[in-house]
Colleague: 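Handing you a structure now.
In what follows, every chain begins at residue 1, and chains take the letters A, B, ... in the order their sequences are listed. Just so you know, these numbers come straight off a predicted model, no measurement behind them. Below, all heavy atoms of this structure are taken into account, side chains as well, without hydrogens, waters or symmetry copies.
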There are 2 protein chains.
Amino acid sequence: MQRLVLKELPRYECLVEASKQFPDLNPSACEAFMHLRRAGDEVSRVMDAHFSGHDITHGRFLIMMLLLEKKGADCPRPSTPAELADFASVSRATITGLLDTLERDGFVLREPNPADRRQMSVHLTPAGQAFMHTLLPVHFRLITDLMGNLSENERTTLAKLLTKISTKASDV
Amino acid sequence: MQRLVLKELPRYECLVEASKQFPDLNPSACEAFMHLRRAGDEVSRVMDAHFSGHDITHGRFLIMMLLLEKKGADCPRPSTPAELADFASVSRATITGLLDTLERDGFVLREPNPADRRQMSVHLTPAGQAFMHTLLPVHFRLITDLMGNLSENERTTLAKLLTKISTKASDV
DNA sequence: AGCTAATAGTTAGCATCCTAACCAATAAAT
DNA sequence: ATTTATTGGTTAGGATGCTAACTATTAGCT
């Protein structure tokens with residue numbers, strides 16, 4: 001699961017040059033856009049490599065993350081396939097596939113809900129919890145490392161700028 | 001081709017709370033990380049939707065972009081499958097698949113290279129060029145829109161911060 | 001020259017995620 | 001109360017990108 005992204009981004013002057021031919025090309029917008037794609041892709045690569053070293057995938061990890069018991073949790077926690085799909089912005093069919101694998105590996109359990117016989121109730125098994133508690137420190141360590149070139153201030157700035165893009169993107 | 005990403009990111013206090021349980025969790029690093037993933041994903045969704053409206057995919061578009069004749073081009077241009085794979089940071093097998101489709105659609109031509117009979121030489125057909133020149137204005141317009149919430153300064157700052165992440169990621 | 005190693009491209013088979021169609025169960029409407 | 005619409009979950013089949021194995025050609029060594 002990879003995205004095609006340019007390895008070497010075009011130099012800014014090339015963008016300016018191209019903007020003469022294409023008036024809709026805004027060099028700074030293009031530059032920001034390409035950097036976003038590349039950084040996202042690089043980070044994905046690192047994370048995927050990390051996950052595959054632990055016989056898990058990004059998708060399965062995220063599902064277990066969502067199912068994980070939170071301490072002092074006022075944060076709502078999804079417990080049905082439909083809720084998981086919603087939290088993870090992914091189709092229900094995808095959740096079915098991920099849960100199949102997680103159940104096969106003994107990390108998750110699906111139980112019917114007597115109150116509404118359409119629904120399934122999903123939880124982590126003890127093995128699933130143990131797995132996560134082994135993996136999470138390494139996982140968080142890796143994220144901390146990845147952001148290691150940025151100061152606290154820069155991280156906050158980055159988050160703010162990226163939010164502006166996400167907001168725009170969701171209503172384009 | 002989608003990535004699983006949280007729709008609602010956890011609030012900062014939740015991250016701080018969680019960091020008490022997991023000392024390796026750095027709240028600001030985590031926050032920046034998740035924003036990066038989400039923004040990248042949102043932007044990908046918008047672009048993919050745009051592409052599919054023109055019966056093309058991200059991958060095929062990028063290949064055609066790489067093959068496109070550049071005016072005043074001192075920028076090097078790939079012309080063999082191996083070079084395309086390198087420029088796009090993708091496997092050669094993937095390029096084979098993309099070229100198969102592009103060739104079927106009449107956008108690209110593969111020709112043997114008499115000088116080195118292992119190599120193929122790839123170029124856009126006139127139809128491929130025409131297609132790109134129709135699509136590109138819309139494409140650039142969309143990118144400009146997506147970055148529309150950011151000022152010139154913010155775009156530059158964003159690019160700078162993202163570069164720091166890409167740099168770090170490529171040697172983690 | 002002739003054998004070995006490296007390189008170009010393709011093929012085969014896998015994983016993830018998608019949409020569309022489907023069945024079962026519940027809710028809503030008359 | 002019965003019909004109709006909606007919701008939850010799964011299944012089937014497709015697309016993209018991957019790795020590993022394969023063939024053909026070229027380069028390097030002795």
Colleague: Roughly, in whole Å, what's the span from CE in B:M120 to C1' in C:dT7?
Modeller: 15 Å
Colleague: Step by step, would you call B:H139 with B:H54 a side chain to side chain contact (heavy atoms under 4.5 Å, CB included)?
Modeller: CA-CA 11 Å; B:H139 178 72; B:H54 294 269; over 6 Å; no
Colleague: Whole-Å distance between D:dT16 P and B:D48 CG?
Modeller: 11 Å
Colleague: Between B:S91 and D:dG17, does any side-chain N or O lie under 4.0 Å from OP1 or OP2?
Modeller: no
Colleague: Let me know the distance between CZ of A:F51 and C1' of C:dA15, rounded to the nearest Å.
Modeller: 16 Å
Colleague: Any chance you could lay out the side chain to side chain contact (heavy atoms under 4.5 Å, CB included) test for A:L9 and A:E31, step after step, and finish with the verdict?
Modeller: CA-CA 8 Å; A:L9 304 189; A:E31 195 193 30; over 6 Å; no
Colleague: Supply the atom-to-atom distance B:E83 CD to B:R92 CZ, rounded to the nearest 0.5 angstrom.
Modeller: 10.0 Å
Colleague: B:D116 has an atom CG; how far is it from atom C1' of D:dA27, in whole Å?
Modeller: 10 Å
Colleague: Over how many whole Å does the gap from B:D55 atom CG to D:dA15 atom P extend?
Modeller: 12 Å
Colleague: To the nearest angstrom, how far is A:F61 atom CZ from C:dC17 atom P?
Modeller: 14 Å
Colleague: With a 4.0 Å cut-off on heavy atoms, is B:L98 in touch with a base, just the backbone sugar-phosphate, or nothing at all?
Modeller: sugar-phosphate
Colleague: Under 4.0 Å: is that the gap between some side-chain N or O of A:R110 and OP1 or OP2 of D:dG9?
Modeller: no
Colleague: Identify, between B:T101 and A:Q119, the residue whose nearest nucleotide on DNA chain D lies closer to the 5' end.
Modeller: A:Q119
Colleague: For B:I95 and C:dT11, what is the distance between atoms CD1 and P respectively, to the nearest whole Å?
Modeller: 15 Å
Colleague: Using a cut-off of 4.0 Å on non-hydrogen atoms, how would the nucleic acid contact of B:A93 be classed: base, sugar-phosphate, or nothing?
Modeller: base
Colleague: Can you find a donor-acceptor N/O pair under 3.5 angstrom joining the side chain of B:R117 to the base of D:dT25?
Modeller: no
Colleague: Please state how far atom CG in B:L84 lies from atom C1' in D:dG17, giving the value in whole angstrom units.
Modeller: 16 Å
Colleague: Nearest heavy atom decides the nucleotide; on that basis, is A:R118 or B:L99 closer to the 5' end of DNA chain C?
Modeller: B:L99
Colleague: Given the rule that I, L, V, M, F, W and Y join up when any side-chain heavy atoms are under 4.5 Å apart, are B:I63 and B:F131 in one cluster?
Modeller: yes
Colleague: Could you tell me whether the side chains of B:S79 and B:H123 share a donor-acceptor contact shorter than 3.5 Å?
Modeller: no
Colleague: Remember a base hit wins even if backbone is also touched, and classify B:R92 as base, sugar-phosphate or nothing at under 4.0 Å, heavy atoms.
Modeller: base
